[in-house]
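Worksheet: the structure to be examined is printed underneath.
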Amino acid sequence: MKRRTFLAAGGAAAIGNALTACGGSRNRPPPPPEPEPEPTQAGTVTGWNNQALEAVRATRMAPTMAARAVAIVHSAMYEAWAAYDNAALGQYLGAQLRRPAVERTAANKAKAMSFAAYAALLDQFPGQQAALTAYLITLGSRPIDAYNNTATAPRLGTIAAQAVLDKRRDDGANQAGTMAPGGTPFADYSGYLARNPPLLVIQPTPRSNIVFPDRWQPLSLNDAAGVRRTQSFLTPFWGTVRPFALTSGSQFRPPPPATFGTQEFVDQAAEIVQIQATLSERQKVIGDFWAGGAGGELPGSYWCRFAQLMSARKGYTDDDDVKLFFALTNAVLDASIAAWDAKRAYDSARPISAIRYLFNGRIVQSFGPEGPAGGLRPVPGEAWMPFQLPSAPTPAFPDHVSGHSTFSAASAEVLRRFTGSDLFRHAVTIQARSLLIDPGLPTAPVTLAWETFTDAVIEASASRTYTGIHFERASDAGRSLGNQVGATAFARARALWSGNA
């Protein structure tokens with residue numbers, strides 16, 4: 001316990017003392033650039049990325065917190081790796097950790113990055129310690145190595161992670177829960193209050209229960225265990241979390257959504273009703289896949305998987321991967337901040353509220369309270385249901401903008417810039433009768449294929465209108481926002497690894 005407390009103390013003094021113990025000094029000038037560092041083998045970065053994604057899935061972490069957690073892991077790995085590069089600057093420590101050329105071996109870089117990832121993951125997912133320690137052991141290391149004064153790389157990696165964690169503790173995410181009464185991690189401290197009362201999903205909704213038709217409305221629903229729960233806006237303060245590259249969450253805030261009383265507000269609701277009533281089997285597969293399917297993937301996790309695929313295809317080393325995933329995951333973090341800034345600023349209605357208000361007293365084709373597995377039928381407009389599980393009919397945050405669209409577009413922008421091309425050429429096959437939303441579908445295997453990253457973004461974006469949880473304008477605005485965020489994050493990351501920050 002005392003060993004862990006020593007590292008948790010962090011700070012400039014701890015960094016300087018630890019480096020001195022490793023045979024270095026934070027005041028020593030950077031070594032000469034010769035010889036070039038030995039390239040690392042492939043697999044260290046992607047292996048720890050897999051550990052991060054598995055931890056996200058195991059803990060069912062929400063998209064905003066997951067974006068931050070995975071970015072912290074890869075920021076820690078980058079901070080450690082930069083110490084073994086001639087030019088790269090750490091995001092927080094600059095050149096303070098720079099190691100002599102003789103230490104810049106593949107083994108040292110890999111070990112430092114592994115201990116950085118391990119320390120960061122333990123902080124973000126303390127309940128996953130056993131799995132994370134087991135993985136570290138498969139790499140030939142032990143947690144105790146981080147405290148061995150003769151084991152420079154493990155100590156350096158742990159110090160690098162601590163620097164990242166120290167800087168992120170006061171970033172506005174409220175990870176420790178100290179910013180709100182009750183001490184709950186990531187609890188709201190902004191004082192958000194919904195303008196509308198809760199909407200009880202399993203019953204028709206009278207218009208009188210939707211006081212502000214173009215404002216977000218929490219849902220009351222029976223979860224998968226049959227327990228009645230009422231939503232609250234998930235992390236409504238997230239737009240104020242400190243970004244990686246943006247000047248603020250509002251830097252690229254998109255134009256507002258359609259407002260109640262306009263023809264556009266009516267038309268976008270009618271469009272969703274029509275789309276839902278005529279969904280093809282393929283569109284249902286697309287909706288289920290990008291919603292996470294049975295695997296429960298988040299949008300940021302999908303794009304990490306795609307980056308792993310590109311790394312393997314192009315034969316990237318860990319020197320390549322540490323930069324790619326540093327830029328990618330921080331772009332997703334900034335995308336989450338920018339998207340949630342817009343969601344909070346506009347507080348806009350989801351389709352379920354707008355449609356139940358506008359189509360009240362009219363008969364529409366929709367799914368019943370048991371969900372899509374029961375098929376389409378004529379129902380009162382005030383009972384309309386989207387193509388979603390009845391236990392999770394719409395996420396617990398406003399419509400505008402689409403998080404899926406923003407995360408996906410930001411990720412694709414980084415991948416395009418890093419690989420130098422929009423070419424993706426990837427496909428996945430969804431097996432028959434494997435959908436989470438409707439287990440009877442598809443009736444035969446369906447292959448989804450994307451020639452370009454742009455194709456994947458467009459499909460991810462469209463999937464949210466197919467499932468009836470976003471208006472098209474929210475998806476379009478999210479793609480535009482994501483493109484700007486991705487370009488900004490990539491430029492910041494490249495400046496750091498080029499030593500020009």
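Bear in mind the structure is a predicted one, so any value in this text is a computation, not a measurement.
For R425 (side chain) and A449 (main-chain N/O), no donor-acceptor pair under 3.5 Å exists by modelled atom type. Looking at R282, its side chain does come within 3.5 Å of a backbone N or O of T447 through a donor-acceptor pair. One N or O on the side chain of Q283 and one on the backbone of S280 form a donor-acceptor pair closer than 3.5 Å. Side chain of D455 to main chain of T452: a donor-acceptor pair is present (N/O by atom type, distance under 3.5 Å, no hydrogens or angles). A distance-only check finds a donor-acceptor pair linking the side chain of E79 to the backbone of Y92 [under 3.5 Å].
Here side-chain hydrogen bond (donor to acceptor under 3.5 Å, both in side chains) pairs that include residues 194-212, with residues two or more places apart or in two chains, are T205-R356.
For V379, the side-chain contact (heavy atoms from CB on, under 4.5 Å) test picks out V364, S366, R377, with sequence neighbours left out. The side-chain contact (heavy atoms from CB on, under 4.5 Å) search around L389 returns S391, L436, not counting sequence neighbours. Considering only residues two or more places apart in sequence or on other chains, A52 meets the side-chain contact (heavy atoms from CB on, under 4.5 Å) condition with V70, L121.
Separation of the W290 and Y466 ring centroids does not fall under the 6.0 Å cut-off. Checked against the 6.0 Å centroid threshold, F326 and W81 do not count as a close aromatic pair. Taking the six-membered ring wherever Trp is involved, the centroid distance between the rings of F418 and Y316 falls below 6.0 Å.
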Open item on the list: What verdict does the salt bridge (Lys or Arg N to Asp or Glu O under 4.0 Å) test give for K284 and E281, after you've listed the backbone C-alpha separation in whole Å, the side-chain angles of each residue and the deciding distance to 0.1 Å?
Closed with: CA-CA 5 Å; K284 291 177 180 179; E281 188 169 296; over 6 Å; no
- [ ] Show the numbers, then the answer: is there a salt bridge (Lys or Arg N to Asp or Glu O under 4.0 Å) between R168 and D171?
- [x] CA-CA 5 Å; R168 276 287 163 197; D171 66 355; 2.8 Å; yes
- [ ] Carefully, step by step, assess R242 and D170 under the rule salt bridge (Lys or Arg N to Asp or Glu O under 4.0 Å).
- [x] CA-CA 9 Å; R242 186 169 64 246; D170 65 349; 3.6 Å; yes
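Note on ring orientation: taking the six-membered ring where Trp is involved, the planes of W216 and Y192 are tilted (angle from 30° to 60°). Ring geometry for W450 versus F424: interplanar angle under 30°, hence parallel rather than tilted (30 to 60°).
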Show me the donor-acceptor pairs within less than 3.5 Å that the side chains of residues 225-232 make with the rest of the protein, sequence neighbours left out.
from	atom 1	to	atom 2	distance (Å)
R228	NE	N222	OD1	2.8
R229	NE	D223	OD2	2.5
R229	NH2	D223	OD2	3.4
T230	OG1	S220	OG	2.7
Q231	OE1	L219	N	3.1
Q231	NE2	T394	O	2.7

Would you mind writing out the side-chain donor-acceptor pairs for residues 482-490 within the sub-3.5 Å range, not counting sequence neighbours?
from	atom 1	to	atom 2	distance (Å)
N483	ND2	R479	O	3.4
Q484	NE2	S480	O	3.3
T488	OG1	Q484	O	2.9

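Closest of all the heavy-atom pairs between W303 and S408 is NE1-OG, 3.0 Å. Of all heavy-atom pairs spanning F125 and M61, the tightest one is CE2-CE, 3.4 Å.
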